[in-house]
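Note that this is a predicted model, so its numbers are computed, not measured. Each chain gets a letter, A, B and so on, in the order the sequences are listed, and its residues count up from 1.
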Amino acid sequence: MNKNQEYEFQKKDSFWQKTWEEKQVFKVSDDSKKEKKYILDMFPYPSGEGLHVGHPKGYLATDTYCRFLRMSGFNVLHPLGWDAFGLPAEQFALKTGKHPREAVKRNVKRFKSQIKMLGLGFDWDREINTTDEKYYKWTQWIFLKLFERGLAYQAEIPVNWCPELKTVLANEEVVNGVSEIGGHPVVRKPMKQWMLKITAYADRLLEDLDDLDWPEPIKEMQRNWIGKSEGAKIVFKTTENENIEVFTTRPDTLEGSTYLVLAPEHSLVSKISSKENSKDIQKYQDECSRLSDLERTGPESDKTGVNTGALATNPITGEKMQIWISSYVLGHYGTGAIMAVPAHDQRDWDFAKKYQLPIKPVVHHPNLKHDFEKSAFEEHGFSSTPKEENIATEKAIESMISWIEQSNIGEGSISYKLRDWLFSRQRYWGEPIPIIHTENGPIPEEKLPLTLPLLEKIQPTGDGQSPLALAKEWLNAKKGNRETNTMPQWAGSCWYYLRYLDPDNSEKLIDPEIEKNWMPVDLYVGGAEHAVLHLLYARFWHKVLYDIGAVSTKEPFKKLLNQGMIQGSDGQKMSKSRGNVVNPDEIIKEYGSDVFRMYEMFMGPFEGSAPWNTEGISGIKRFLNKSWKILLSEDSQKDSNEKIRHKTILKVTDDIEKFSFNTCLSSLMIYLKNLEENGSSEEDKDTFLKLLTPFAPHMCEEVNLVRKGSKMACELDWPKGDAEKTIEDIMEMPVMVNGKLRARMQVKQTDSTNENLLQEMALKEENVINFLAGKDPKKIIVIKGKIVNIVI
RNA sequence: GCCGGUGUGGCGGAAUGGUAGACGCGCUAGUCUUAGGAACUAGUGUCCGUUAGGGCGUGGGGGUUCGAGUCCCUCCACCGGCACCA
């Protein structure tokens with residue numbers, strides 16, 4: 001190795017990657033005296049296309065961070081595995097004619113080799129794969145626990161059926177009326193399905209968000225998704241003595257309620273409808289049930305409905321109210337019925353206008369004039385009814401709830417937008433649901449895993465049955481038929497972070513001691529697109545596991561960060577179809593992995609998105625080449641960089657912890673420039689090498705080897721910065737006149753807090769004298785050590 | 001429509017209420033070279049000025065402050081989420 005040569009990035013990469021692996025540098029032990037850190041990446045779905053440069057951004061950041069933490073003396077767990085069940089793998093298999101098991105095997109191999117090329121320090125001894133029966137045994141085990149606790153149940157419900165994919169989809173997997181995967185149309189169809197009762201945990205999922213160190217927008221999205229509304233349930237009696245229960249958040253407007261609306265699918269509709277209306281009613285119900293959610297939701301004002309002919313009584317006024325059905329009332333929310341208050345709810349107002357139903361204002365606001373002919377008045381204000389004369393809305397809601405409760409016609413109540421989780425899929429490539437039917441009972445725990453049979457033909461049947469229904473041998477258990485539906489893709493990812501901790505345990509999901517040692521995850525990094533799917537499901541399962549004593553923390557992920565996307569150079573999302581994909585293999589082949597890693601970290605803030613620009617890489621390459629030369633150059637005789645050295649240590653340390661890698665690199669560049677200009681001491685080189693190691697691990701190992709370091713570079717101790725040593729003897733102090741910069745003074749550090757002296761000096765500045773033009777300053781503001789501002 | 005987020009040079013981006021544009025790309029000029037898409041040096045927000053210096057400038061408008069990219073109000077644009085949730 002000749003220090004005058006440029007560093008040959010590409011050639012050394014694989015050598016150091018192998019060395020790390022052989023020396024097991026990234027293997028983590030459970031018993032260490034060091035403080036633990038559990039850093040987790042959202043594990044990848046190994047698709048057939050391999051990685052593009054955007055995929056590894058999160059892994060690069062966590063790897064850099066973990067290398068920093070290790071050097072800082074922590075016991076760091078950083079594992080990776082594969083989320084490999086589910087539709088994409090199955091669709092890929094169907095298209096290519098390969099069995100998904102084979103496809104997954106191949107894709108994982110490809111992904112792993114790409115990831116290894118980046119020099120990422122994962123502990124591969126803990127690798128897991130959701131399609132491994134040793135893994136999904138425990139996914140099934142958790143399902144049994146859910147079943148035992150009544151949290152998994154079957155129901156005949158209208159579901160999102162996708163004829164193209166031949167499976168049902170969860171609401172969250174349907175976007176704008178088409179499947180999220182592939183964009184195929186989705187229709188409504190009643191089917192018997194497995195559901196998970198996530199709604200039973202709605203309140204806890206909502207409340208425990210408060211204590212999480214997550215990006216506020218993600219927490220807000222989960223709050224909105226859970227959608228808690230406080231209000232009341234009120235029972236209306238029909239003239240035929242049927243009870244119709246409605247949910248409202250504005251019980252104070254009860255007196256202004258002039259009609260009722262039931263969802264078309266409400267169970268009382270056929271019972272209360274008058275004979276002459278029943279034909280229209282049925283026709284309308286048919287129409288609604290066939291329509292997808294998208295079709296059913298047209299423009300908001302375009303409301304349709306049919307009068308049932310039945311009448312109810314307003315419990316306060318005793319007035320008769322018509323009862324309608326309309327698609328704008330949803331069967332699955334609240335009680336599936338509403339009391340319409342057209343004066344104070346725009347939707348009701350639209351409907352009332354269209355069908356000429358009465359509009360009766362009961363809330364006013366003295367400062368807001370309102371024309372009820374034009375729209376509803378939805379603001380809070382004051383009640384204007386004989387019963388609640390001039391009471392503020394908030395108070396009126398409370399007092400009305402107590403009146404309702406005293407009158408025995410209802411109670412205060414809470415509704416959630418969150419719905420139970422549709423958990424079955426009519427597809428082959430997923431975890432079999434461990435249930436035997438005739439007994440409708442679970443498979444006993446000790447018989448798990450219920451393995452997925454190796455079928456030749458995995459095409460979905462299209463009649464709503466899973467391909468497993470055709471596996472005759474597998475289907476028939478001694479005591480009855482097996483459940484043929486499989487679990488959705490999200491199942492395996494709900495708990496994988498636990499399995500890394502104890503990947504080979506065949507007796508338990510996880511050993512409690514080990515669990516206590518590592519949980520919770522200190523930092524979880526992944527894309528924001530999982531804000532309400534994976535992250536909510538995983539929190540739900542974790543809370544169930546907490547309730548059965550399998551884990552010791554209420555929440556799995558203490559801190560969350562979302563990496564921004566790397567877009568194509570056209571500013572669009574990187575994708576094969578847009579033809580803007582850049583492959584990391586090519587970049588690494590040309591520049592080496594250190595340059596690639598550093599460039600991705602240098603591109604901008606971690607949580608931001610930015611377009612890929614291959615031209616920009618050259619700056620990083622230059623920087624590393626210069627670093628190589630400086631690190632292997634002759635020592636300077638004197639140590640002239642102490643101040644900048646300590647400044648850099650403090651800045652880099654601080655910024656790594658903030659995941660602000662771009663500014664870390666910028667301060668390293670500044671430090672390097674100083675070393676080039678002033679010469680570098682042994683201590684400078686030591687420090688610079690250590691600070692650079694997490695970012696350019698391969699080159700730094702090489703430098704360390706040439707410099708004959710006793711340990712490996714990645715095992716060196718992180719340097720300590722001393723703020724005292726960064727203080728400059730002479731500082732520049734800006735002088736402003738009327739808030740505009742007019743001069744800069746050189747001030748001794750010791751004088752920088754001397755107000756009188758600073759004033760005096762500032763007034764002597766030539767340019768300041770010019771601007772004063774002989775006038776006396778009105779006021780002089782001196783901020784010690786910062787700035788002088790002269791006001792005239 | 002509702003809820004979030006973001007707007008700074010040609011580009012990616014820096015900036016605890018205190019010198020806007022750090023750092024990098026690109027560009028311009030130069031040095032070295034047979035050559036260079038290599039390396040190095042200098043310059044680079046914009047307008048005026050030979051220089052000194054000055055005017056303007058962080059999406060638009062207003063405000064608070066000695067001082068605002070940063071705080072407040074309002075409008076606009078783009079991105080993300082939700083979308084008849086009573």
K.L.:
Which nucleotide, in any strand shown, forms a Watson-Crick or G-U wobble pair with B/G17, with both distances under 3.5 Å?
P.N.:
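Its partner is none (no Watson-Crick or G-U wobble pair with both distances under 3.5 Å).
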K.L.:
Return the 5'-most residue of the pair A/Val791, A/Leu741 with respect to RNA chain B, ranking by each residue's nearest nucleotide.
P.N.:
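Comparing both residues, the 5'-ward one is A/Leu741.
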K.L.:
Less than 6.0 Å separating the ring centroids of A/Phe688 and A/Tyr671?
P.N.:
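Ring centres of A/Tyr671 and A/Phe688 closer than 6.0 Å.
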K.L.:
For A/Phe377, check ring pair (Phe, Tyr, Trp, His ring centres under 6.0 Å) against everything at least two apart and list the hits.
P.N.:
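Expected list: A/His370.
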K.L.:
Between B/C82, B/G13, B/C25, which one does the side chain of A/Ala610 approach most closely?
P.N.:
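Nearest to the side chain of A/Ala610 among the choices is B/G13.
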K.L.:
Name the closest nucleotide to the A/Leu330 side chain, picking from B/G13, B/A86, B/G54.
P.N.:
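The listed nucleotide nearest to A/Leu330's side chain is B/A86.
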K.L.:
Go ahead and name the base partner of B/G9; Watson-Crick or wobble counts if both distances stay under 3.5 Å, otherwise write none.
P.N.:
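Its partner is none (no Watson-Crick or G-U wobble pair with both distances under 3.5 Å).
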K.L.:
Could you tell me how far apart A/Ile218 (CD1) and B/G81 (C1') are, to the nearest whole angstrom?
P.N.:
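Checked: the CD1 to C1' distance equals 9 Å.
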K.L.:
Counting heavy atoms from C-beta on, name the nucleotide in B/G24, B/U19, B/C84 closest to the side chain of A/Glu732.
P.N.:
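Nucleotide nearest to A/Glu732's side chain: B/U19.
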K.L.:
Measuring from the side chain of A/Asn789 (C-beta onward, heavy atoms only), which nucleotide among B/C40, B/C66, B/C84 has the closest atom?
P.N.:
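Of B/C40, B/C66, B/C84, B/C66 is nearest to the side chain of A/Asn789.
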K.L.:
Distance between the C1' atoms of B/G57 and B/C48, in whole angstroms?
P.N.:
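About 15 Å, rounded to a whole number of Å.
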K.L.:
Side chain of A/Pro217: nearest nucleotide among B/C82, B/C66, B/G4?
P.N.:
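Per side-chain heavy atoms of A/Pro217, the pick is B/G4.
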K.L.:
Taking pairing as Watson-Crick or G-U wobble with both contacts under 3.5 Å, can you name the mate of B/A52, or confirm there isn't one?
P.N.:
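By the stated definition (distances under 3.5 Å), nothing pairs with B/A52.
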K.L.:
Name the nucleic acid region contacted by A/Lys626, choosing base, sugar-phosphate or nothing; use a 4.0 angstrom heavy-atom cut-off, strictly under.
P.N.:
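The residue A/Lys626 makes sugar-phosphate contact but no base contact.
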K.L.:
Between A/Lys778 (NZ) and B/G67 (P), how many Å, whole number?
P.N.:
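Spelled out: NZ on A/Lys778 to P on B/G67 is 11 Å.
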K.L.:
How far does the C1' atom of B/U8 sit from the matching atom of B/A15, given to the nearest Å?
P.N.:
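The answer is 10 Å between these two C1' atoms.
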K.L.:
Partner of B/A29 by Watson-Crick or G-U wobble geometry, both contacts under 3.5 Å, or none?
P.N.:
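Matched B/A29 with B/U41 under the 3.5 Å cut-off.
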K.L.:
How about A/Arg250 and A/His344: does a side-chain donor come under 3.5 Å of a side-chain acceptor?
P.N.:
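Checked: A/Arg250/A/His344 side chains show no N/O donor-acceptor pair below 3.5 Å.
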K.L.:
For a quick check of understanding: with a heavy-atom distance under 4.0 Å over all strands, which category does A/Lys740 fall into, base, sugar-phosphate or nothing?
P.N.:
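Sugar-phosphate contact only - A/Lys740 comes under 4.0 Å of backbone atoms but never of a base.
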K.L.:
Using purine N1 to pyrimidine N3 plus N6-O4 or O6-N4 for Watson-Crick, or N1-O2 and O6-N3 for G-U wobble, both under 3.5 Å, which nucleotide pairs with B/G80?
P.N.:
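Because both required distances fall under 3.5 Å, B/G80 counts as paired with B/C3.
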K.L.:
Within this structure, what is the CD1-to-C1' distance between A/Ile790 and B/G18, rounded to whole angstrom?
P.N.:
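Answer to the nearest Å: 15 Å.
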K.L.:
How should the glycosidic conformation of B/G9 be described, syn or anti, under the criterion that syn lies within 90° of 0?
P.N.:
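Here the answer is syn: the torsion falls within 90° of 0.
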K.L.:
Please work out whether the ring planes of A/Tyr537 and A/Trp421 are parallel, tilted or perpendicular, with thresholds of 30° and 60°.
P.N.:
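A/Tyr537 and A/Trp421: parallel rings.
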K.L.:
Look at the aromatic rings of A/Phe596 and A/Trp612 and report parallel, tilted or perpendicular, splitting at 30° and 60°.
P.N.:
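Tilted.
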K.L.:
What is the nucleic acid contact for A/Phe771, judged by heavy atoms within less than 4.0 Å: base, sugar-phosphate only, or nothing?
P.N.:
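Sugar-phosphate: the residue A/Phe771, judged by heavy atoms under 4.0 Å, touches backbone atoms but no base.
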K.L.:
Please determine whether a side-chain nitrogen or oxygen atom of A/Ser229 lies at a distance below 4.0 Å from atom OP1 or OP2 of B/A86.
P.N.:
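For A/Ser229, the contact criterion (side-chain N or O under 4.0 Å from OP1 or OP2 of B/A86) is met.
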K.L.:
May I ask you to verify if any side-chain N or O of A/Asn613 is less than 4.0 angstrom from the OP1 or OP2 atom of B/G26?
P.N.:
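It does not, given that no N or O in the side chain of A/Asn613 lies less than 4.0 Å from OP1 or OP2 of B/G26.
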K.L.:
At less than 4.0 Å, is any side-chain N or O atom of A/Arg250 found next to OP1 or OP2 of B/A86? Yes or no.
P.N.:
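It does not, given that no N or O in the side chain of A/Arg250 lies less than 4.0 Å from OP1 or OP2 of B/A86.
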K.L.:
Is it true that A/Asn580 and A/Asp570 share a donor-acceptor pair across their side chains at a distance under 3.5 Å?
P.N.:
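Result is yes, a qualifying pair exists.
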K.L.:
Between B/A14 and A/Asn662, is there an OP1 or OP2 to side-chain N/O distance shorter than 4.0 Å?
P.N.:
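For B/A14, OP1 or OP2 has a side-chain N or O of A/Asn662 closer than 4.0 Å.
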K.L.:
When you get a sec, tell me which of B/C3, B/C66, B/C23 is the closest nucleotide to the side chain of A/Ile670?
P.N.:
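Nearest nucleotide to the side chain: B/C23.
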K.L.:
Which of these nucleotides, B/C56, B/A86, B/G53, is closest to any side-chain atom of A/Phe247?
P.N.:
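Nearest listed nucleotide: B/A86.
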K.L.:
Which comes earlier along RNA chain B counting from the 5' end, the contact point of A/Ser660 or that of A/Ser667, where each point is its nearest nucleotide?
P.N.:
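Result of the comparison: A/Ser660.
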K.L.:
Out of B/G55, B/A86, B/U19, which nucleotide sits closest to the side chain of A/Arg742?
P.N.:
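So the side chain of A/Arg742 is nearest to B/G55.
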K.L.:
Base, sugar-phosphate, or nothing for A/Asp348, non-hydrogen atoms under 4.0 angstrom?
P.N.:
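Contact class for A/Asp348: none.
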K.L.:
Can you check the A/Asn674 CG to B/C23 P distance for me, whole Å?
P.N.:
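It works out to 11 Å between those atoms.
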K.L.:
Can you figure out which of B/G12, B/A86, B/C66 approaches the side chain of A/Lys779 most closely?
P.N.:
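From the listed options, B/C66 comes nearest.
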K.L.:
Does A/Phe9 have its ring centroid less than 6.0 Å away from the ring centroid of A/Tyr591?
P.N.:
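No, too far apart.
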K.L.:
Starting the side chain at C-beta, find the nucleotide from B/G26, B/U19, B/A22 nearest to A/Ile787.
P.N.:
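The nucleotide sitting nearest to the side chain is B/U19.
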